[in-house]
2 protein chains.
Amino acid sequence: MESASAPARLRALPSWLLNQSARPAQHLVSEGLRAVGAQRYHYSVLAALDEFGPASQAALGRRSGIDRSDMVAVVNDLTAQGSVSRQPDATDRRRNVVTITPAGHRHLQALDDIVNGAQRDLLAPLSTDERAELVRLLGKIVDHHAGG
Amino acid sequence: MESASAPARLRALPSWLLNQSARPAQHLVSEGLRAVGAQRYHYSVLAALDEFGPASQAALGRRSGIDRSDMVAVVNDLTAQGSVSRQPDATDRRRNVVTITPAGHRHLQALDDIVNGAQRDLLAPLSTDERAELVRLLGKIVDHHAGG
DNA sequence: ATCCCAACGTTGGGGAGACCAACGATAACG
DNA sequence: CGTTATCGTTGGTCTCCCCAACGTTGGGAT
């Protein structure tokens with residue numbers, strides 16, 4: 001008897017279900033990324049750079065939902081491994097311009113495979129239609145609680 | 001410009017969406033409960049006791065997905081506020097029997113209102129059908145990653 | 001032009017959540 | 001009997017998320 005069924009009050013509670021399903025989601029992705037020395041924040045930042053091009057650290061944080069202060073360590077890590085370059089912005093000397101490098105692009109593609117593999121494990125009990133519907137519903141929630 | 005749209009790679013990623021939507025869910029519930037000095041773990045344990053009756057701390061943990069070691073503090077809190085009573089089990093002296101008190105039952109009902117109010121805020125952008133579908137899909141994920 | 005406010009990167013810290021290892025005590029089973 | 005397992009408890013770690021403050025710089029207001 002490894003685990004017992006949860007109370008009905010919790011099993012019908014969206015916030016509880018979100019937390020309980022975010023737990024294995026986070027675990028699967030983190031564990032996969034850790035095998036190559038990466039973290040979830042790394043993936044988010046590389047994805048934002050790949051899609052939107054060079055950006056300041058603050059802008060990157062807004063894009064990917066990461067706090068300014070946490071972004072520092074992420075850019076430090078990515079710089080140390082050569083995935084991005086950090087340069088002072090000539091037009092605004094408050095800012096750094098973070099740019100993805102060719103090595104960073106290759107790294108991102110490797111992380112894509114890992115992350116997508118984790119999604120397969122996470123969503124194993126769901127059909128293709130159900131997965132699309134889940135993404136759609138969660139997207140609505142995220143949108144609603146983002147900008148206001 | 002408070003927040004910008006996230007990269008498409010992330011917006012289509014179930015694990016990322018789960019984390020992003022679990023964040024406001026957790027925040028709404030925790031903030032509401034904090035107004036009455038309660039925590040999410042308190043609610044889970046009281047709900048389990050209400051539904052399944054008196055149980056040992058370890059059994060409570062299995063029911064509600066809380067680690068044994070974290071359960072100690074929860075039962076301490078609930079005992080201090082008179083919501084539960086903790087007594088040694090006469091038939092198995094390794095165990096404590098945790099029982100919900102009448103005051104605990106009233107407390108649970110108050111927490112129900114708070115928690116349900118948070119669900120309304122959380123799921124505001126979803127229709128009734130969509131909420132039911134979300135609960136169903138998340139339930140499948142939680143079930144799949146619980147026992148097996 | 002000067003003053004005030006906003007934004008930037010950075011540092012430091014805090015709190016919650018989830019997990020893990022170990023211990024002594026007790027129970028169950030070979 | 002001896003071994004293995006479970007219980008409550010203590011203590012610790014790690015990640016994530018958030019906040020406050022600082023010096024620096026830019027932009028806007030009067």
Side-chain angles (χ1 to χ4, degrees), chain A residues 1-4 15-16 18-31 33-34 38-45 55-62 64-77 79 84 86-98 145-146, chain B residues 1-4 15-16 18-31 33-34 37-45 55-62 64-79 84 86-98 145-146:
Chain A
M1 193 186 304
E2 253 225 355
S3 70
S15 64
W16 188 83
L18 277 175
N19 278 313
Q20 292 300 311
S21 45
R23 196 192 294 192
Q26 191 162 338
H27 184 263
L28 283 169
V29 173
S30 297
E31 205 63 18
L33 292 180
R34 191 146 62 103
Q39 301 174 2
R40 296 191 301 132
Y41 277 176
H42 295 180
Y43 181 74
S44 297
V45 169
S56 71
Q57 297 179 193
L60 279 175
R62 272 177 243 118
S64 42
I66 300 177
D67 192 89
R68 303 212 303 277
S69 54
D70 300 319
M71 184 64 63
V72 178
V74 177
V75 177
N76 284 346
D77 292 345
T79 301
V84 308
R86 172 204 264 144
Q87 290 163 341
D89 187 335
T91 75
D92 186 340
R93 309 213 315 266
R94 295 172 302 181
R95 300 181 181 168
N96 293 335
V97 176
V98 181
H145 292 90
Chain B
M1 194 187 305
E2 253 227 352
S3 70
S15 64
W16 187 84
L18 276 175
N19 280 313
Q20 292 299 312
S21 45
R23 195 192 294 191
Q26 192 163 334
H27 184 262
L28 285 169
V29 173
S30 297
E31 205 63 18
L33 293 179
R34 191 145 64 101
Q39 300 176 1
R40 295 190 303 131
Y41 277 177
H42 295 180
Y43 182 73
S44 296
V45 168
S56 72
Q57 297 180 194
L60 279 175
R62 274 178 239 116
S64 41
I66 302 177
D67 192 90
R68 298 210 309 273
S69 55
D70 300 319
M71 182 64 64
V72 178
V74 177
V75 177
N76 284 347
D77 293 345
L78 293 176
T79 300
V84 307
R86 172 203 264 143
Q87 290 162 340
D89 188 335
T91 75
D92 186 340
R93 306 209 326 260
R94 292 173 301 183
R95 298 180 182 169
N96 293 337
V97 176
V98 180
H145 291 90

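In the text below, chain A, chain B and the rest are named by the order of the sequence lines, each starting its count at 1. What's counted below: heavy atoms across the whole structure, side chains too, no hydrogens, waters or symmetry copies.
- Rounded to a whole Å, the CG atom of B:D89 is 9 Å from the P atom of D:dG8.
- Under the rule for a side-chain contact (heavy atoms from CB on, under 4.5 Å), the partners of B:A22 that lie at least two apart in sequence or sit in another chain are A:L18, A:N19, A:A22.
- By the side-chain contact (heavy atoms from CB on, under 4.5 Å) test, B:S69 is found to be paired with B:D67, residues two or more places apart in sequence or in another chain being considered.
- Nucleotide C:dC20 holds its C1' atom 17 Å from the CD1 atom of B:I66, rounded to whole Å.
- For the side-chain contact (heavy atoms from CB on, under 4.5 Å) test, residues two or more places apart in sequence or in another chain that qualify with B:D89 are B:T91, B:D92, B:R95, B:V97.
- Every residue two or more places apart in sequence or in another chain was checked for a side-chain contact (heavy atoms from CB on, under 4.5 Å) with B:A73, and none qualifies.
- Residues passing the side chain to side chain donor-acceptor pair (under 3.5 Å) test with A:E31, sequence neighbours excluded: A:R34.
- As a whole-Å value, the separation of A:E31 CD from D:dC14 C1' is 13 Å.
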Can you give one letter per nucleotide of nucleotides 5-18 of chain C, 5' to 3': B if a protein heavy atom sits under 4.0 Å from the base, S if only from the sugar-phosphate, - if neither?
-BBSBBBB----SB
